[in-house]
Amino acid sequence: MLIKAPRGTYDILPEDSSRWQYIEKIMKETAEIFGYREIRIPIFEHTELFERGVGETTDIVSKEMYTFSDKAGRSLTLRPEGTASCVRALIEHSQYGGLLPIKWYYVGPMFRYDRPQTGRYRQFHQFGVEAFGSNNPYIDAEVIILLIEVLLRLGLEEYELHLNSVGCPECRGEYRQKLIEHIEPYQDRLCKDCQTRYTQNPLRVLDCKNEACHQAIEGYPTLFSNLCDKCQEHYAKVKETLIENEVSFMHDDNLVRGLDYYTNTAFEIHIPGIGAQSAVGGGGRYNGLVEECGGPDLPGIGFAMGMERLLLAVDKLGEKFAEDKEPDVFIAVMDPAYESQGMKILQLLRKAGIKAEKDYNQRKAKAQMKYADKIGARAVILIGEEEVEKGFLTLRNMRSKEQFQVDPQDLVRSVCKTLLID
RNA sequence: GUGGGUGUAGCUCAGUUGGUUAGAGCACCAGAUUGUGGCUCUGGGGGCCGUGGGUUCGAGUCCCAUCAUCCACCCCA
C-alpha cells in the first residue's frame with residue numbers, strides 16, 4: 001500500500017516553490033517597510049492556549065483542532081492560527097515592558113481539521129501581523145492598509161474589503177441582550193446551527209448564510225447602531241482614515257467573525273473568482289485577549305492572510321514566474337575515464353559562481369549532449385581523449401553552436417565570455 | 001460533519017451490450033557506424049485498471065464497502 005500525503009496536506013514541488021518564494025518575499029518586504037518584524041512561533045502549543053485565546057465556542061476550538069498527547073501526557077495542539085501564540089510569546093518574554101507598540105509578522109503553516117476543498121486545506125499557510133500596545137484607530141487603519149498593500153503588490157486589485165465594528169465588552173453586552181430579546185420569538189424558525197448559536201454566541205446568527213434565518217430575524221437591531229460613543233468614534237476614525245488613504249471598503253453589518261476575541265474593528269477581504277472560499281484575509285482588534293491570556297491589559301490588532309488562496313488569485317492573473325533552473329554550463333565527458341577530471345572542473349566553475357552540472361547516469365557522449373540541451377545548458381565543456389592528451393578543453397556554445405579550444409587556466413574567463421556574448 | 005462528481009502507465013486520456021496476452025499521445029531510455037544537442041525514423045522499459053469484498057464460466061467494465069481526490073454546504077485563511 002502506497003503511503004500518500006495525509007488528507008488535506010500536499011507537497012510544494014520545486015516547480016511550484018518559486019511561486020511561494022515570490023509571494024513570501026512581497027509579504028515580508030511590505031511588512032518590514034511598515035515597521036513589522038518577524039517572529040517565529042512554535043508549530044504546536046498547549047491546548048489550553050487556544051481554548052482560552054481563540055474561544056471554546058468557536059468552530060476552530062470545538063471541532064477543528066489537531067490535538068494530541070505527548071509522551072508525558074501533556075495535551076498539545078497543532079496551531080490553528082497565529083494570534084494566540086503571538087500573545088503568549090508577548091507575555092512570556094515580557095515584551096510589553098519596553099517600547100510600544102510592538103509590531104510583529106509571521107509566516108507559516110496552520111492546521112485545522114476541516115473538509116478540504118478549493119482554497120481549503122488541513123495544513124495551510126498564513127501570513128499575519130499583530131500590533132500590540134496601541135488602541136489608536138490609526139493603527140487599525142495601518143494594519144488594513146498593510147493588508148491592502150500586500151494585495152496591490154501582488155497585482156490583486158479586485159478585492160472587497162468588508163468592515164464592521166463589534167464594539168467593546170460594554171456596548172456589545174448590551175447589544176447582545178437586545179438581540180436575544182429580538183430573536184427570542186422567532187427562535188424555532190432558525191436553522192439547527194443558529195439554535196445553538198443563539199444560546200452560545202447570538203451575534204453569529206447574523207452572519208449565517210441561511211436565507212430562512214435572515215428572514216426570521218428581519219428588522220433586527222444592528223451592532224453598528226448600538227455602539228457606544230467611544231466605539232462609534234473609533235470606528236468612524238478608522239473609516240475616515242481608510243477613505244483618506246484611498247482604500248475602498250464596504251460596511252458590513254453582518255460581519256461578526258468567528259473568533260471570540262475580537263473587539264471594535266473587524267474586517268475581512270474577499271477576492272471574487274477563486275472558488276467558494278473567497279476570504280483571502282481577515283482580522284481585527286482584540287483588546288481583551290492579552291489580559292485573557294494572563295498578561296497585562298494591552299490592546300492589540302492584527303490580521304492573517306491565506307497563502308493558498310492568494311496563490312489561487314495570483315494564478316488567475318496568469319503571470320509567469322521566473323524559475324531560473326537552467327545551468328550555465330554542462331560538463332560532458334566522452335569516456336567514463338575522464339569523469340573525475342570533469343568533477344574537478346565542475347567544482348572549479350561552481351566556486352566561481354557559475355551554475356554547472358554534469359551527467360550522473362552513465363550516459364554516452366551523444367546522450368550527454370541531448371541531456372545538456374534538455375536541461376537548457378547554455379554552454380558545454382567537453383573532455384575527451386584529445387583534450388586530456390593535448391591539455392585543453394573544448395567549450396561549446398549551445399545556441400550559436402560555435403565551439404573552440406580553451407586553456408584550462410583561463411577556463412572561468414572563457415566561460416564567462418561565452419555566456420555573456422550569448 | 002453533510003451532499004454530489006471522479007479514481008486505467010510518470011502525465012493527459014481511450015477502453016464499444018461484461019469476453020482472449022489492457023491501448024494511444026506526451027515523457028523517459030536505447031539505436032540510426034567511430035567523441036557532440038534541438039527535427040525525423042526504429043525499438044524498448046514501464047500498469048496489484050485506488051483498495052477490499054460480492055455477482056458471474058468470465059469484471060477495467062455490474063453491485064456493495066472503503067480510501068483518496070475534486071466541487072459545494074458549513075466555517076473560515
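Both backbone and side-chain heavy atoms feed into the values below; hydrogens, waters and symmetry mates do not. This one's a predicted model, so the numbers in the text were calculated from it and none came from an experiment. In the text below, chain A, chain B and the rest are named by the order of the sequence lines, each starting its count at 1.
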ask   = With both distances kept under 3.5 Å, what pairs with B:U69, Watson-Crick or G-U wobble?
value = B:G5
remark   = A:Q403 has its side chain closest, among B:C29, B:C76, B:U36, to B:U36
request  = Give A:Y121 one of three labels, base, sugar-phosphate or nothing, depending on what nucleic acid heavy atoms sit under 4.0 Å from its own.
outcome  = base
ask   = With a 4.5 Å limit on heavy-atom distance, are the side chains of A:F132 and A:Q95 in contact?
value = no
key: Value in whole Å for how far the P atom of B:G35 lies from CG of A:L395   = 21 Å
request  = Among B:G37, B:C70, B:A30, find the nucleotide with the atom closest to the side chain of A:R363.
outcome  = B:A30
request  = Could you check whether A:G128 gets within reach of a base, just the sugar-phosphate, or nothing at all, counting any heavy atom under 4.0 Å?
outcome  = nothing
key: C1' gap between B:U2 and B:A77, integer Å   = 22 Å
task = Go through B:C29, B:G35, B:A72 for me and flag the one nearest to the A:L382 side chain.
result = B:G35
inquiry  = For the C1' atoms, the ones on B:A65 and on B:G47, what distance do you get once it is rounded to whole angstrom?
reply    = 24 Å
ask   = Mind checking whether A:V107 and A:K28 have side chains closer than 4.5 Å, heavy atoms only?
value = yes
query = Does B:G37 have A:Y371 stacked on its base, where the ring centres are within less than 5.5 Å and the planes differ by under 30°?
reply = no
inquiry  = Under 4.0 Å, heavy atoms only, any strand: does A:G8 hit a base, just the sugar-phosphate, or nothing?
reply    = sugar-phosphate
ask   = Which of these nucleotides, B:A68, B:C29, B:G37, is closest to any side-chain atom of A:R7?
value = B:A68
ask   = CZ of A:F267 versus P of B:A77: gap in Å, rounded?
value = 10 Å
key: Within-4.5 Å side-chain heavy-atom neighbours: A:L346 and A:R350   = yes
query = Which part of the nucleic acid, if any, lies within contact of A:A365, taking any heavy atom under 4.0 Å across all strands shown: a base, the sugar-phosphate backbone alone, or nothing?
reply = nothing
query = Counting only distance, no hydrogens or angles, is the base of B:C71 paired donor-acceptor with the side chain of A:Q277 under 3.5 Å?
reply = no
key: Candidate nucleotides B:G35, B:G1, B:C71, ranked by approach to the side chain of A:R120 - the nearest   = B:G1
key: Option passing side chain to side chain contact (heavy atoms under 4.5 Å, CB included) with A:M305 (candidates A:I23, A:I269, A:L151)   = A:L151
Distance below 4.0 Å between A:K364 side-chain N/O and B:G31 OP1 or OP2 = yes
task = Ignoring backbone atoms, establish whether A:K374 has a side-chain N or O less than 4.0 Å from OP1 or OP2 of B:C28.
result = yes
For atom NZ of A:K366 and atom C1' of B:U33, their distance in whole Å = 11 Å
inquiry  = Mind checking if A:E387 touches a base, just sugar-phosphate, or nothing, with heavy atoms under 4.0 Å?
reply    = base
inquiry  = I want to confirm an ordering. Mapping A:P6 and A:Y113 to their closest nucleotides on RNA chain B, which one lands closer to the 5' end?
reply    = A:Y113
message = In this structure, how many angstroms lie between the P atom of B:C76 and the CE atom of A:M305, rounded?
response = 18 Å
ask   = Roughly how many Å is it from CG in A:D114 to C1' in B:C74, rounded to a whole number?
value = 8 Å
message = What I want to check is whether the side chains of A:E32 and A:Y105 have a donor and an acceptor closer together than 3.5 Å.
response = yes
task = Could you tell me the separation between the CG atom of A:D59 and the P atom of B:C73, rounded to a whole number of Å?
result = 15 Å
ask   = In Watson-Crick or G-U wobble terms, both distances under 3.5 Å, what is the partner of B:G23?
value = B:C13
message = Please tell me whether A:S75 and A:E48 have a donor and an acceptor in their side chains that are separated by less than 3.5 angstrom.
response = no
query = Centroid-to-centroid, A:Y371 to A:F330, below 6.0 Å?
reply = yes
message = Tell me the interatomic distance from A:H162, atom NE2, to B:A77, atom P, rounded to whole angstroms.
response = 14 Å
task = Identify the nucleotide, in any strand shown, that forms a Watson-Crick or G-U wobble pair with B:C28, with both distances under 3.5 Å; if there is none, say none.
result = B:G44
ask   = Can a donor-acceptor pair be found between the side chains of A:E292 and A:Y286 at a distance below 3.5 Å?
value = no
query = Within this structure, what is the NZ-to-P distance between A:K370 and B:A30, rounded to whole angstrom?
reply = 8 Å
inquiry  = Tell me whether the side-chain N or O atoms of A:R112 pair up with the base of B:A77 as donor and acceptor below 3.5 Å, since no angle test is needed here.
reply    = yes
ask   = If you check every side-chain atom of A:H270, which of B:U36, B:C73, B:C76 has the closest atom?
value = B:C76
query = According to the Watson-Crick and G-U wobble definitions, with both distances under 3.5 Å, which nucleotide is paired to B:A77?
reply = none
ask   = Nearest to the side chain of A:M369, which nucleotide is it out of B:G35, B:A77, B:U36?
value = B:U36
Residue A:T118, side-chain atoms from C-beta onward, closest of B:A30, B:A72, B:U36 = B:A72
request  = Provide the distance between the two C1' atoms, one in B:A9 and one in B:G45, to the nearest whole Å.
outcome  = 11 Å
request  = Would you indicate which nucleotide in B:A72, B:C74, B:A68 comes nearest to any side-chain atom of A:R115?
outcome  = B:A72
note = From the candidates B:A30, B:C73, B:A68, the one with an atom nearest any side-chain atom of A:K4 is B:A68
note = By nearest-heavy-atom nucleotide on RNA chain B, the more 5' of A:E386 and A:Q126 is A:E386
note = Partner of B:G52 under the Watson-Crick or G-U wobble criteria, both distances under 3.5 Å, comes out as B:C64
inquiry  = Does B:U2 have OP1 or OP2 under 4.0 Å away from a side-chain N or O of A:K63?
reply    = no
